[in-house]
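Reckoned from all heavy atoms, side chains included, excluding hydrogens, waters and symmetry mates. Throughout, protein chains are lettered first and strands after them, A, B, ... in sequence-line order, and every chain is numbered starting at 1.
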2 protein chains.
Amino acid sequence: MARTTGSDGEKTEAAVREAAVSLIARLGYEAMSMRQLAAEVGVQAAALYRYFPTKEDLLFTLMREHMEGLIEAWDAARPTVADPATRLAAYVENHIAFHIERRHSTHVSNMELRSLSHDRLTQVLRMRTAYEKELRAILRDGAEAGVFSVEDTGLTAMALIQMMTGVIVWFRPGERLSISEVTATYLSMTMRLVGAAHGATTTYGAVRAFERARTL
Amino acid sequence: MARTTGSDGEKTEAAVREAAVSLIARLGYEAMSMRQLAAEVGVQAAALYRYFPTKEDLLFTLMREHMEGLIEAWDAARPTVADPATRLAAYVENHIAFHIERRHSTHVSNMELRSLSHDRLTQVLRMRTAYEKELRAILRDGAEAGVFSVEDTGLTAMALIQMMTGVIVWFRPGERLSISEVTATYLSMTMRLVGAAHGATTTYGAVRAFERARTL
DNA sequence: GCAATAATAAAACGAACGTTCAATTAATTC
DNA sequence: GAATTAATTGAACGTTCGTTTTATTATTGC
């Protein structure tokens, strides 16, 4: 046997990516074998090497595209106004929505960093740092403007990101809480954490609107 | 060759545990080979099987003892008073101190759960749930007493735990911040997040003391 | 000092791993 | 419809894996 009827390179490659994200998220990168992945796609292991030269190339591709997607999503969601509270709210909303939507690839990008070569790890971490820098800038602007009370911008940014990303550990779609309920609760926790509640700026109304929306 | 001069079972077993925590934290459970571990200990791979019947037994032992240590530490640190703010402060302090102190085994216990068999995974998760239940109880008591403003006890508990545990991702001893500085900052973030700052109970003074301590 | 036991080494086992290669068939191009 | 290219198979390669077995030496108890 050889080429199968109806086979299509683009479709196979997409199927490989999809199955790889799901398998690596479930089993871990090291625990997933190329034969297992191939079986999930419905193909022989050798066929995978037409699309990804090595197993690590496959992992790196998934991670790079995850980070690119996250940065693109933020670029699209980034508000034009300068108000720190509005920008922070947008950052939280985008972060949680993206990570819930892409739970599996988030898992892969967070858990399998140590399986990358040094150079590729650096590339992924560079993208991650660039994304986190946006949050630090928002916190700094808010602190300088006096609308946030943040003691340590860097530490607060890390705490917030870990708190928000952690949502993928326990959140399961279709259970007790909806995505918008979760987002609203995290938003109000964030605003309290950075001390924005005392600021009572114009955008504080927007936060309250989220809190109301949650109770519906 | 066979038994080496000065060999001692207890010492070897302790050395195996120590090396295993460090290696698994660095490389991951699947990526660490038994030969690698043996070499780190200065022994042949076969010798490991005198102490742990399988690789997974070794992993499970490390995880179970980590969780037991965490619960014991909390039992020792648990305050006798009923005041929710004091109890929450103690929980945060204990959690962060323990996780910074045992960074490597925390990493193992958080990242390698999927390598456990179903039964053992259940055992570890049961211990984890018991520990987290303590935090939920504190939050519930505080919310009922009106000293915390928490919308969703379970969600807030998860958010706090993820935020606090996340400290091991970026914290490196001897860098910019000391352990007590980090703890103090996390404590004030926690108190703001649960809305305790408005309560201004007697223990609020203790929180302020922590905040002052940080700026020294 | 001799028997019993504890601790290890050395070698081997079969299975699984990532990857490569040659052959083969389907689709496309002219 | 022949030639070319794209997609895949099936088999194999060498390596490494967790683990077992057997032999050997150090220590301990009497």
Under 4.0 Å: is that the gap between some side-chain N or O of [X] and OP1 or OP2 of [N]?
X	N	answer
A:T4	D:dT9	no
A:Q44	D:dT8	no
A:Y51	D:dA6	no

Can you tell me the distance, in whole Å, between the [atom1] atom of [X] and the [atom2] atom of [N]?
X	N	atom1	atom2	answer
B:E10	D:dA26	CD	P	21 Å
A:L37	D:dT8	CG	P	13 Å
B:D57	D:dG18	CG	P	14 Å
A:K11	D:dT8	NZ	P	11 Å
A:L48	D:dT8	CG	P	10 Å
A:F52	D:dT8	CZ	P	13 Å

Margin query: In terms of relative ring orientation, are A:Y186 and A:W170 parallel, tilted or perpendicular, with 30° and 60° separating the classes?
Written below: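 If you compare the ring of A:Y186 with that of A:W170, the planes turn out parallel.
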Notebook entry, point to check: Is it the case that A:D57 and A:T54 place a side-chain donor and acceptor less than 3.5 Å from each other?
Noted result: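 Short answer, yes.
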Test item: [X] and [Y] side chains (from C-beta on) under 4.5 Å apart, heavy atoms:
X	Y	value
A:M189	B:E151	no
B:R172	B:R103	yes
A:I179	A:I96	no

Notebook entry, point to check: More than 12 non-hydrogen atoms from neighbouring residues, nucleotides or ligands closer than 6.0 Å to CZ on A:R78, yes or no?
Noted result: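 More than 12 within 6.0 Å, yes.
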Notebook entry, point to check: In this structure, are over 12 heavy atoms from other groups packed under 6.0 Å from B:E18 atom CD?
Noted result: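 Incorrect, the count does not exceed 12.
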Note to self: Using a 4.0 Å cut-off on heavy atoms, which residues in residues 13-25 of chain A reach DNA chain C? List them by number, or say none.
What the structure shows: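 Contacts with DNA chain C under 4.0 Å: none.
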Next item on the list: Return the residues of residues 107-123 of chain A meeting this criterion: a heavy atom under 4.0 Å from some atom of DNA chain C. Order them by number, or give none.
Entry: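 Going residue by residue through residues 107-123 of chain A, none turns out to have a heavy atom under 4.0 Å of DNA chain C.
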salt_bridge([X], [Y]) N-O dist < 4.0 Å:
X	Y	value
B:E134	B:R87	no
A:R136	A:D141	no
A:E112	B:R114	yes

Next item on the list: Report the nucleotide, chosen from C:dA9, D:dA6, D:dT9, that has the shortest atom-to-atom distance to any side-chain atom of B:A47.
Entry: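 Nearest listed nucleotide: C:dA9.
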Item checked: Letter per nucleotide, 5' to 3', of nucleotides 16-21 of chain C [B base touched, S only sugar-phosphate touched, - untouched; heavy atoms, 4.0 Å] -> -BBBBB
Note to self: Quick check on the 6.0 Å ring-centre criterion: do A:Y131 and A:W74 meet it?
What the structure shows: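 For A:Y131 and A:W74, the ring centres are not under 6.0 Å apart.
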